[in-house]
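One is the number of the first residue; the rest follow in order along the sequence. Computed over heavy atoms, backbone and side chain alike; hydrogens, waters and symmetry mates excluded. Predicted model, so just to flag it, every value in this text is computed and none were measured.
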Amino acid sequence: MKKLVYLVVLLSLFAFAAPVAAYEPPDPPGAPYVPENVPVNPVLLEQYKEMFPPEVLQVTDGVWVARGYNRDNPALIEGTDGLIVVDPGESIGAAEAGKAAFNAALNNIFDRKPVKAIIYTHHHDCHVNGASVYAGENTEIIGHVNLLSNMYSEWFGQVFPSRAVGGLKMAGALFLDAPVMKLVGDEYQEVPGWYAGYTLGGPQIFGKEGFLPPTKTIGEDTRMTLAGVDVELIPVAGETADVLFVWLPNKKVLIEIAILYEAFPAISTTRGSRQRDPLDYVNSLKVGRSLNPEYLVALHGPNPITRGADEVRKLLTDFSDAIQFLNDQTVQYLNRGFTPGEMEELIVLPPHLASSPYLEETYGSKEWDVFHIFRYYRGLYTGEVRDLFPQTTESEARMSEFLSKGGGDLAKKAQKAFDAGELEWALRIADDALVVNKDNQKSKAYEDAFETKKAAMLALAEQTMNSQARNMLLSDYLLMTDQVDTTRFHFGDPRVAFASINATGVELMPMSTLHRIMAVNLNAGKAIPVDETIGLQLTDIKKNDPEAPDHYTLNVRKGILEVNPPGAGNEQFVINTNSLTWKELVLYKVGPKTAVGDGRVEISGGTPESFYAFMDLFR
């Protein structure tokens, strides 16, 4: 039955042969009924309600967006002799709904002017599959140079079955016909049901696809005139590596998606995707801020238009800062030896980000992003030896059954597992016992668990033929039993590691790498109340490379460090030094007071004490 449902749904959605049938959830064994109404979290419900009624919204003169007619919010730009459509929708039916809405609101605009161009912001199906509805014989189809290659590697490729099923489930497509909002007469009303969207999309209209391949591709910043409108297309990266910003310089309108939307960022999704670089989002948002847009149009979500240069800048900045904060704090804790599970409670968003209405966790999740970022940089292994031995589903179940039987605390269960030869279970259970008894390390339970963990680690090291696993087990055994020569090795203090980088590595290190290191070493606890901008003047750069930048602006802003922020304010003081000294300062090879004392650093517009206070913000 499961395979039959799988095939029916896949065929109906992705072969576009017929719309998805209403989902009839079966009664579970022994249950008299399945509830008709599953309550929706009030925050999620209110956000979904904002999608209704569907509406064509004017951004500014000659620019509109159709919100709520399908999963994306297609944008329409009117020129002197034609029209431009951005992201036409998820299917022919969806695009027809959007086109009809534009016609109804704009006096049959498609009868009066031809569509000169269709622009794809990226390859996701809800942004490209309605193109044939809008395209005429001479319509130019414009997309990123890598749009098709990404479509086939990210979607229509080896993982297509998994991604397709994941997408259906993530979007709630299996119960789409039980909506929370429904058209009753002439009004949308809340009715009993399961479906409450997925924050970013309105009602989905499945059906045949009308994708058209690009006739023009963009691989670098490109200015062009389309339908008499000046347009700049800017390749960036975020959810995918084939994103285009659509920038209308004369109207100060930035049209985008896959970089920012009206919810907490989801650096990874539950439907499945390749590992995404969190700093791609940050860098792309920095590009958006540098344009100084007065209007921002997001092609997903209930409130697609943000107006006013200050409001747009704040939204772009907050979204960027939230991602950078999670990235930098995760990397900092990773360098200090913490696992992602331990980081969850330690990483707390700054108050201004935690309270932002644009960063509610209705799509992404802070916890998910922490795990994603950890794995992006470190891989699957968390650094805890228990995780060298992932358990099968059956083994996990059997271990749970083992724990449920008989008396005794976790420490006794760990010893019992060890005695039974279940060494991997013994390691995991002993580890759990150490965690729950961590506040009473002199207790018998803690001491017993410690001994069992030691014994399990040695036994597993003896049995394994895997050299990596053996060496990890024995290394951690020596560390936990204090048998490591700490004069030779330092663990858990990133400063020591950075200071140990050899002279050649320091000399050749790019400034971009150096400033990334500086950013992840920011002490968030000290820096969250701080918003200050400092100048850095490197006195030797122009002598060695006339083309290289010799001045940087360092903005510590409420928990993050941003280098060269767009529109940076006045610098409170300037650090004057040579590039090698600056590298040695950032890498903890020399202290700030020493560098000032021997004349390698001079401060203009401030005092040495202000410089010391600034450098003290970094661990």
Side-chain angles (χ1 to χ4, degrees), residues 43 46-51 55-68 72-77 86-87 121 199-200 202 231-232 234 236 238-239 243 245-266 281-326 349-364 528 531 533 555 557-560 562 564-570:
V43 175
E46 284 305 310
Q47 194 162 30
Y48 186 62
K49 284 181 178 180
E50 291 178 346
M51 298 292 297
E55 190 174 3
V56 171
L57 305 169
Q58 184 168 21
V59 180
T60 187
D61 183 46
V63 184
W64 299 268
V65 60
R67 186 280 318 279
D72 83 334
N73 299 324
L76 179 65
I77 305 163
V86 183
D87 285 5
T121 60
T199 298
L200 305 188
V231 178
E232 184 174 356
I234 306 171
V236 291
E239 281 193 3
V243 181
F245 276 162
V246 181
W247 170 237
L248 309 179
N250 296 334
K251 298 177 183 292
K252 306 294 280 185
V253 174
L254 176 60
I255 302 173
E256 66 78 42
I257 202 59
I259 305 297
L260 173 147
Y261 34 77
E262 190 183 344
F264 199 86
Y281 291 83
V282 174
N283 294 330
S284 298
L285 289 159
K286 193 171 182 177
V287 171
R289 287 164 56 205
S290 70
L291 299 171
N292 294 315
E294 295 179 7
Y295 304 91
L296 178 67
V297 181
L299 301 182
H300 269 308
N303 300 292
I305 306 169
T306 304
R307 293 183 171 86
D310 291 343
E311 283 299 309
V312 171
R313 173 171 287 275
K314 177 174 172 52
L315 175 53
L316 292 168
T317 302
D318 285 355
F319 206 84
S320 171
D321 287 359
I323 297 172
Q324 186 181 333
F325 184 86
L326 291 184
L349 284 171
H352 73 289
L353 299 178
S355 62
S356 170
Y358 293 103
L359 290 171
E360 292 182 309
E361 296 184 63
T362 54
Y363 186 64
I528 283 177
D531 190 349
T533 302
N555 179 205
R557 184 176 61 246
K558 298 180 181 179
I560 70 157
E562 184 177 25
N564 294 335
N570 294 331

Next on the checklist: Applying side-chain contact (heavy atoms from CB on, under 4.5 Å) to R289 and E562, what does each step give before you reach the verdict?
Outcome noted: CA-CA 13 Å; R289 287 164 56 205; E562 184 177 25; 2.7 Å; yes
Item to check | Residues T121, E256; criterion side-chain contact (heavy atoms from CB on, under 4.5 Å); working and verdict | outcome: CA-CA 7 Å; T121 60; E256 66 78 42; over 6 Å; no
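In this structure, S284 and V243 have side chains that are not in contact, with every pair of non-hydrogen atoms separated by 4.5 Å or more. Taking 4.5 Å as the limit, some side-chain heavy atom of F245 sits within range of a side-chain heavy atom of I259. For the pair L76/V56, no side-chain contact is recorded, criterion being any heavy-atom separation below 4.5 Å from C-beta on. Residues Q324 and K286 are not in side-chain contact: their nearest non-hydrogen atoms beyond the backbone lie 4.5 Å or more apart. Taking 4.5 Å as the limit, some side-chain heavy atom of L291 sits within range of a side-chain heavy atom of I234. When side chains are defined from C-beta on, I528 counts as touching P351, because their heavy atoms get closer than 4.5 Å. Looking at heavy atoms from C-beta onward, I255 lies in side-chain contact with I77 at the 4.5 angstrom threshold.
When every heavy atom of G288 is checked against every heavy atom of L254, the shortest pair comes out as CA-CD2, 4.0 Å. The minimum heavy-atom distance linking A266 with G364 is given by the pair CB-CA, 3.7 Å. The heavy-atom pair separating D318 from S356 by the smallest distance is OD2-OG, 4.5 Å. The shortest heavy-atom contact between Y281 and A258 is CE2-O, 3.9 Å. Summarising the geometry of N555 relative to P565, their closest heavy-atom pair is CB-CG, 3.8 Å, with the distance given to 0.1 Å. A pairwise comparison of heavy atoms in Y261 and F319 identifies O-CE1, 3.3 Å as the closest pair.
Within a 6.0 Å sphere centred on CG of D310, other residues, nucleotides and ligands contribute 12 heavy atoms or fewer. When the shell of 6.0 Å around NZ of K558 is examined, it contains 12 or fewer heavy atoms from other residues, nucleotides or ligands. Environment of NZ in K314: sparse, with no more than 12 heavy atoms of neighbouring residues, nucleotides or ligands closer than 6.0 Å.
Under a 3.5 Å cut-off, the side chain of R67 and the backbone N or O of G301 do not form any donor-acceptor pair. Listed for the S320 side chain is no donor-acceptor partner under 3.5 Å among the backbone atoms of L316.
Rounding to the nearest 0.5 Å places CD1 of I257 at 7.5 Å from CG of N73. Here the OG1-CG distance, from T317 to L353, works out to 10.5 Å after rounding to the nearest 0.5 Å. Residue E262 holds its CD atom at 7.5 Å from OG1 of T362, rounded to the nearest 0.5 Å. Taking CH2 from W64 and CD1 from I305, the interatomic distance works out to 11.5 Å, rounded to the nearest 0.5 Å. The distance from atom CG of D321 to atom CG of L326, rounded to the nearest 0.5 Å, is 11.0 Å. Atom-to-atom distance recorded for T306:OG1 and E294:CD is 13.5 Å, nearest 0.5 angstrom.
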